[in-house]
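In what follows, a single structure is set out as structure tokens and then discussed.
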Amino acid sequence: MTSSAWQKSSYSSSNDECVEVRTVDGLVELRESDDGEVTVRTTRLTFAAFLQGAKAGEFDHLITGT
């Protein structure tokens with residue numbers, strides 16, 4: 001199995017409540033740093049589409065309550 005180390009955003013600084021990401025066998029895995037037992041696995045293409053949507057603000061309503 002080819003795996004990379006878990007990474008978290010530089011915006012998280014020393015906070016342990018963040019989302020971490022890594023690659024495993026060509027797929028992308030995500031987990032919450034404070035609950036490492038739950039891991040979401042997806043393709044690079046799907047993850048790239050999610051990131052593109054997040055950067056475009058498509059999910060902003062989920063955090064602003066509007």
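All values derive from a computational prediction rather than experimental measurement.
If you take CD on E20 and CZ on R31, they are separated by 4.5 Å, rounding to the nearest 0.5 Å.
Listed by chain and residue number, R22, R41 satisfy the side chain to side chain donor-acceptor pair (under 3.5 Å) test with E29 (two or more places apart in sequence, or in another chain).
The side chain to side chain contact (heavy atoms under 4.5 Å, CB included) test with F47 singles out one residue from V40, T23, L27, L30, and that residue is L30.
When the side chains of ILVMFWY residues are joined at heavy-atom separations under 4.5 Å, either directly or via intervening members, V38 and V21 end up in two distinct hydrophobic clusters. No continuous path of hydrophobic side-chain contacts links F50 to W6 [ILVMFWY only; heavy atoms under 4.5 Å].
When all heavy atoms of G26 and R44 are compared, the closest pair comes out as O-NE, 3.2 Å.
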